[in-house]
Structures are given as C-alpha cells and as structure tokens.
Asks: 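Have a look at the structure that comes next, please.
The basis for the numbers below is simple: all heavy atoms, side chains too, and nothing from hydrogens, waters or symmetry mates.
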Amino acid sequence: MSSETQITTDDQQRTGPRHVAIIMDGNGRWAKNQGKLRVSGHKAGVKSVRRAVSFAVSNKLEALTLYAFSSENWSRPAQEVVALMELFVWALDSEVKSLHKHNVRLRIIGDISRFNSRLQERIRRAEELTQQNDGLTLNIAANYGGRWDIIYGVKKIAEQVQEGLLRPDQIEETTLSGFLCMHDLAPVDLVIRTGGEHRISNFLLWQIAYAEFYFTDVLWPDFDEQVFEGAMNAFSHRERRFGGAAPGGA
C-alpha cells in the first residue's frame, strides 16, 4: 500500500504525527555568529541530530527524516563539502552502535553513488547493522533531491512499460509512489524547518503533499527538545482535512 493510500480516518483523528521530516538549516549562520568556521556549525549540528533522534524515540515516532545534504549542496566551496563528507563518515562510525542499541533502523535516502567508496561502505555497514530493528526509522537524506526522487521513479516505471510489465493506462499515483523513497513508511505528517527560511528546498516534493509545516527562527545547532516539543504541540492543534471540507462547511 502506498503512502498516499494510507490516509485513513485514524490518521485524521491522530493528535500527534507518526512521521516528522526536518530541514536542518542554519549551521553556517550559527558558526558565523560564534566567530567560527562553517564546519564548526556542522559539527554542532550533529549534537542537535542526536537530541532530535532521542526525542523521536522517547515520543515513539514511527519515522524521522532529516535533510542532511541536498543534491544542490555540491555547489558549496570544495573545502566545506570535503569537511561535510568526513563529518558524515565520523557520525556514522560514532553513532550507529547507539542507534542499534536503541532499536533504531537507519536508512540513507538519496543517490549515494556520487560518494566515495569509503563513505558508501560506511553507509552499507550502518544500514546492514540496523536493518532488523523495528523501532524508530531514521532516514538521512544525503545527496537527495525531491526532483531526483521523482525522476528516478519515472525511469523505473518506463523500464516496466518497455519490458511489457506495465501498460501506460495502468499508471496511477500508487504506481509512482511505490518507486519513491520511503514508500513503505507512514506518510510525512509534519515538516519542520529551522533557521527562519520559509521554503521547501527540493525536499520530499511528493511525500509532503499533505504534510503540515512548522517554521522556526531557531538555528539548527540550537534546536533542542523544547523546540521539537513546540512543533509537536502546534501540529496537535492543526485541523487536517486532506483536501476535504471543514466540518460544518457548505
């Protein structure tokens, strides 16, 4: 069953989100405010990731998706990109055992083929170690773009049509959904963006069709349990209609 077909009456009555996605923004500005190099902001951001994951586990979320590195981030200065890749390797090495201990399943979504072999191997090991865990699913979007995700799915559908396994008139929303990242998880209920910006930045374009949004001026390294709790509380007061009319409306 696709994520689009999982929107049920229970989902509409649920006060808390099952799947939260976060656009982690503000590391560079945080470092600048501290008079430090940008990489210092990214290192500080790892601590916020740890806090967010702990909060998600404690609040029994089904999934947490974090936007770590977009497909557009390769255009950043080479020194910063190299530092980010090394930080990614370090984070995988230092955090995966703790994630496994807490029954967290780690998945990396995005086109990892552009990463060096060392990082790809770390990703493979981390996913393999945690793949049987049935607690929180932690998705790290790395070299990810919403448009890339959709194009990848369309190519897979085209291959099936070419092979005679699928007719064009059989293609529906559920067909494409089945080829996109996170198709087997609960739909994204809540998108949080830190850093004061109010845009999607090519993040989960298909998966957040009916998500609620929460924007905060807090820079990502300062994101803590209280800010997360505030976003959850705001969500619980939203009226989610999934395209339907308001209760009592004409």
Asks: With a 6.0 Å cut-off (strictly less than), is the heavy-atom count around NE2 of His198, excluding the residue itself, greater than 12?
Replies: yes
Asks: Heavy atoms only: give me the nearest Ala231-Tyr214 pair and the separation to one decimal.
Replies: CB-CD2, 3.5 Å
Asks: Nearest 0.5 Å, please: how far is CD in Glu80 from CE in Met85?
Replies: 10.0 Å
Asks: Go through the steps for Leu185 and Arg107 under the test side-chain contact (heavy atoms from CB on, under 4.5 Å), then give the verdict.
Replies: CA-CA 12 Å; Leu185 299 178; Arg107 298 168 74 179; 3.8 Å; yes
Asks: Which pairs count as salt bridge (Lys or Arg N to Asp or Glu O under 4.0 Å) when at least one residue sits in residues 198-208, sequence neighbours excluded?
Replies: Glu197-Arg199
Asks: Do Ser48 and Arg51 have a side chain donor and acceptor closer than 3.5 Å?
Replies: yes
Asks: Name all residues meeting the side-chain contact (heavy atoms from CB on, under 4.5 Å) criterion together with Val161; count only those two or more places apart in sequence or in a different chain, and write none if there are none.
Replies: Ile157, Leu166, Pro168, Ile171
Asks: Let me check something: do Val82 and Val46 share a hydrophobic cluster, defined by ILVMFWY side-chain heavy atoms less than 4.5 Å apart, either directly or through other members?
Replies: no
Asks: Name all residues meeting the salt bridge (Lys or Arg N to Asp or Glu O under 4.0 Å) criterion together with Asp169; count only those two or more places apart in sequence or in a different chain, and write none if there are none.
Replies: Arg167
Asks: Could you pull out all residues at least two apart from Arg114 that satisfy side-chain hydrogen bond (donor to acceptor under 3.5 Å, both in side chains)?
Replies: none
Asks: Treat each ILVMFWY residue as a node, draw an edge where side-chain heavy atoms are under 4.5 Å apart, and state whether Leu176 and Leu204 are in one component.
Replies: yes
Asks: Sub-3.5 Å donor-acceptor pair from the side chain of Asn133 to the main-chain atoms of Val104, do we have one?
Replies: yes
Asks: Which heavy atom in Asp134 sits nearest to a heavy atom in Asn103, and how many Å separate them?
Replies: OD1-ND2, 2.7 Å
Asks: Can you name the closest pair of heavy atoms from Ala31 and Leu37 and give their distance?
Replies: CB-O, 3.2 Å
Asks: Counting only pairs under 3.5 Å, give me each side-chain donor-acceptor contact of residues 19-29, with atom names and distances, residues two or more places apart or in other chains.
Replies:
residue: His19; atom: ND1; partner: Ala186; partner atom: O; Å: 2.8
residue: His19; atom: NE2; partner: Thr65; partner atom: OG1; Å: 2.8
residue: Asp25; atom: OD2; partner: Arg29; partner atom: NH2; Å: 3.3
residue: Asp25; atom: OD2; partner: Arg193; partner atom: NH2; Å: 3.0
residue: Asn27; atom: ND2; partner: His42; partner atom: ND1; Å: 3.2
residue: Arg29; atom: NH1; partner: Gly195; partner atom: O; Å: 2.7
residue: Arg29; atom: NH2; partner: Gly195; partner atom: O; Å: 3.1

Asks: To the nearest 0.5 Å, what is the distance between CD on Glu62 and OG1 on Thr137?
Replies: 8.5 Å
Asks: Verify side-chain contact (heavy atoms from CB on, under 4.5 Å) between Leu92 and Phe88, making sure each step is shown before the conclusion.
Replies: CA-CA 6 Å; Leu92 284 170; Phe88 198 2; 3.9 Å; yes
Asks: With side-chain contact (heavy atoms from CB on, under 4.5 Å) as the criterion, how do Ile208 and Phe213 come out once you've worked through the C-alpha distance, each side chain's angles and the decisive distance to 0.1 Å?
Replies: CA-CA 9 Å; Ile208 61 176; Phe213 287 79; 3.7 Å; yes
Asks: Between Ile140 and Ile109, does the side-chain contact (heavy atoms from CB on, under 4.5 Å) criterion hold? Intermediate values first, please.
Replies: CA-CA 6 Å; Ile140 303 295; Ile109 63 171; over 6 Å; no
Asks: So Lys43 and Glu86, salt bridge (charged side-chain N to carboxylate O under 4.0 Å, His left out) or not? Walk me through it.
Replies: CA-CA 11 Å; Lys43 289 180 178 178; Glu86 288 301 314; over 6 Å; no
Asks: Indicate yes or no: at least one non-hydrogen side-chain atom of Pro17 is less than 4.5 angstrom from one of Met232.
Replies: yes
Asks: Would you give the length of the straight line joining atom CG of Leu219 to atom CG of Asn33, rounded to the nearest 0.5 angstrom?
Replies: 6.5 Å
Asks: What is the minimum heavy-atom distance between Ala56 and Leu136, and which atoms define it?
Replies: CB-CD2, 3.9 Å
Asks: Classify the side-chain pair Thr130/Arg105 by whether it contains a donor and acceptor separated by less than 3.5 Å.
Replies: no
Asks: How long is the span from the CG atom in Leu64 to the CG atom in Leu66, to the nearest 0.5 Å?
Replies: 4.0 Å
Asks: Nearest 0.5 Å, please: how far is CD in Glu239 from CD in Glu212?
Replies: 10.0 Å
Asks: Please check if Leu138 and Val89 belong to a single hydrophobic cluster, counting links between Ile, Leu, Val, Met, Phe, Trp and Tyr side chain heavy atoms closer than 4.5 Å.
Replies: yes
Asks: Say whether, by atom type as modelled, one donor and one acceptor occur between the side chain of Tyr67 and the main chain of Ser201 under 3.5 angstrom.
Replies: yes
Asks: OG/Ser70 to CG/Asn143 distance, rounded to the nearest 0.5 angstrom?
Replies: 8.0 Å
Asks: Only counting residues at least two apart or in another chain, list the ones meeting side-chain contact (heavy atoms from CB on, under 4.5 Å) with Val227.
Replies: Thr216, Val218, Phe223, Asp224
Asks: Heavy atoms only: give me the nearest Gly45-Trp220 pair and the separation to one decimal.
Replies: O-NE1, 3.0 Å
Asks: Angle between ring planes, Phe115 versus Trp74, binned at 30° and 60°: parallel, tilted or perpendicular?
Replies: tilted
Asks: Which pairs, with at least one residue in residues 147-161 and sequence neighbours excluded, count as a side-chain hydrogen bond (donor to acceptor under 3.5 Å, both in side chains)?
Replies: Tyr144-Asp149, Asp149-Gln207
Asks: Can you name the residues that form a side-chain contact (heavy atoms from CB on, under 4.5 Å) with Glu128, not counting sequence neighbours?
Replies: Arg124, Gln131
Asks: If only atom types and distance count, is the side chain of His183 paired as donor or acceptor with the main-chain N or O of Leu180 below 3.5 Å?
Replies: yes
Asks: Restricting to non-hydrogen atoms, name the atom on Ser177 and the atom on Trp206 that form the minimum distance, rounded to 0.1 Å.
Replies: OG-NE1, 3.1 Å
Asks: Any sub-3.5 Å donor-acceptor pair from Ser40's side-chain atoms to Lys36's backbone N or O?
Replies: no
Asks: Could you work out, with side-chain hydrogen bond (donor to acceptor under 3.5 Å, both in side chains) as the rule, every residue matching Ser117, not counting sequence neighbours?
Replies: none
Asks: Name all pairs fulfilling the side-chain hydrogen bond (donor to acceptor under 3.5 Å, both in side chains) condition that reach into residues 225-236, sequence neighbours left out, sorted by first residue then second.
Replies: none
Asks: Is there a chain of hydrophobic side chains (I, L, V, M, F, W, Y, each step under 4.5 Å between heavy atoms) that links Val57 to Leu61?
Replies: yes
Asks: Output all residues satisfying side-chain contact (heavy atoms from CB on, under 4.5 Å) with Ala83, sequence neighbours left out; order by chain, then residue number.
Replies: Val39
Asks: When hydrophobic residues are tied together by side-chain contacts of less than 4.5 Å, even through go-betweens, does Val96 share a cluster with Leu84?
Replies: no
Asks: Verify the neighbour count for atom CD of Gln79: are there more than 12 heavy atoms of other residues, nucleotides or ligands below 6.0 Å?
Replies: no
Asks: What pairs of residues pass the side-chain hydrogen bond (donor to acceptor under 3.5 Å, both in side chains) test when at least one of them lies in residues 90-99, not counting sequence neighbours?
Replies: Arg50-Glu95, Asp93-Arg122
